[in-house]
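Here the structure comes first, spelled out in structure tokens, and everything after it is commentary.
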Amino acid sequence: KAGVTQTPRYLIKTRGQQVTLSCSPISGHRSVSWYQQTPGQGLQFLFEYFSETQRNKGNFPGRFSGRQFSNSRSEMNVSTLELGDSALYLCASGLGAARREQYFGPGTRLTVT
Amino acid sequence: TQLLEQSPQFLSIQEGENLTVYCNSSSVFSSLQWYRQEPGEGPVLLVTVVTGGEVKKLKRLTFQFGDARKDSSLHITAAQPGDTGLYLCAGQRIQGAQKLVFGQGTRLTINP
């Protein structure tokens with residue numbers, strides 16, 4: 001079974017621009033979560049989608065948004081990029097059941113200059 | 001304030017030594033997971049513990065869930081360079097908007 005895939009793997013953007021990251025979950029997984037990982041803050045939860053609905057949301061500004069499609073693929077968008085948005089963005093899929101094991105993709109390394 | 005506190009944050013030891021990493025909280029979790037992350041990759045799930053007092057072994061790794069389901073430990077016997085990585089614990093909250101919370105991680109380096 002193929003794992004979680006994320007595209008692109010690396011991205012360089014300029015302050016003020018916007019970016020869209022893509023995630024394809026493991027086949028059969030209906031839950032997709034997004035995390036931001038930085039050396040200083042660790043792994044921070046952004047949001048979770050289940051069956052095209054946002055189920056949980058972390059404490060991030062409205063510039064961070066996401067969506068999930070009917071095939072469970074998900075996209076995350078960040079508008080008006082700031083230098084502090086430079087991070088590894090990780091997508092994780094799961095069955096969305098009571099035990100929330102997460103299966104992570106390799107991440108997208110975003111650098112904002 | 002981190003809901004899950006991991007200690008130590010950094011650990012560098014010689015091959016063959018034993019070590020223990022701790023994951024502590026004042027909150028009760030319905031389950032707790034351990035992940036290992038290598039540079040340039042996403043975290044990989046190692047184990048899930050569900051029952052208070054539960055012990056699970058994965059080769060040279062032993063995971064324990066505290067009796068009160070507020071803490072967990074990871075013990076590695078005879079560490080090898082291949083064990084090097086960032087170890088993350090994650091607790092599944094019973095209530096709250098964010099159902100899965102992560103500790104800040106323990107960066108482990110095993111020197112040959």
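Just so it is clear, the values below take in all heavy atoms, side chains as well, and ignore hydrogens, waters and symmetry mates. Letters A, B, ... mirror the listed sequences (proteins, then strands); counts begin at 1.
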Quiz prompt | Exceeds 12 heavy-atom contacts within 6.0 angstrom, atom CZ of A:R9 | solution = yes
Quiz item: Hey, are the side chains of B:P81 and B:E15 touching, using non-hydrogen atoms and a 4.5 Å cut-off?
Solution: yes
Self-check item: Any residue of residues 59-85 of chain A which, by heavy atoms, sits under 4.5 Å from chain B
Solution: none
Quiz item: Can A:L88 be reached from B:L100 by stepping across I, L, V, M, F, W or Y side chains whose heavy atoms are under 4.5 Å apart?
Solution: yes
Quiz item: Is the distance between the ring centroids of A:Y49 and A:F47 under 6.0 Å?
Solution: yes
Quiz item: Side chain, backbone, both or neither: which part of A:Q37 has a heavy atom under 4.5 Å from chain B?
Solution: side chain
Quiz item: A:S24 pairs by side-chain contact (heavy atoms from CB on, under 4.5 Å) with which of A:T7, A:T5, A:V32?
Solution: A:T5
Quiz item: Are B:S73 and B:V21 side-chain neighbours, meaning at least one heavy-atom pair lies under 4.5 Å?
Solution: no
Quiz item: Got B:F102 and B:C89 here, is their nearest side-chain heavy-atom distance under 4.5 Å?
Solution: no
Quiz item: Do you know which of B:G40, B:G42, B:P43, B:A90 has the most heavy-atom pairs under 4.5 Å to chain A?
Solution: B:P43
Exercise. Assign the ring pair A:F104 / A:Y35 to parallel, tilted or perpendicular, where the plane angle (0 to 90°) is split at 30° and 60°.
Key: tilted
Quiz prompt | 4.5 Å side-chain heavy-atom contact, B:L32 and B:T48 | solution = no
Exercise. Please examine the side chains of B:L3 and B:R93, heavy atoms only from C-beta on, and report whether any two atoms are closer than 4.5 Å.
Key: yes
Exercise. Using a heavy-atom cutoff of under 4.5 Å, enumerate the residues of residues 105-113 of chain A that contact chain B, numbered in order, or state 'none'.
Key: A:G105, A:P106
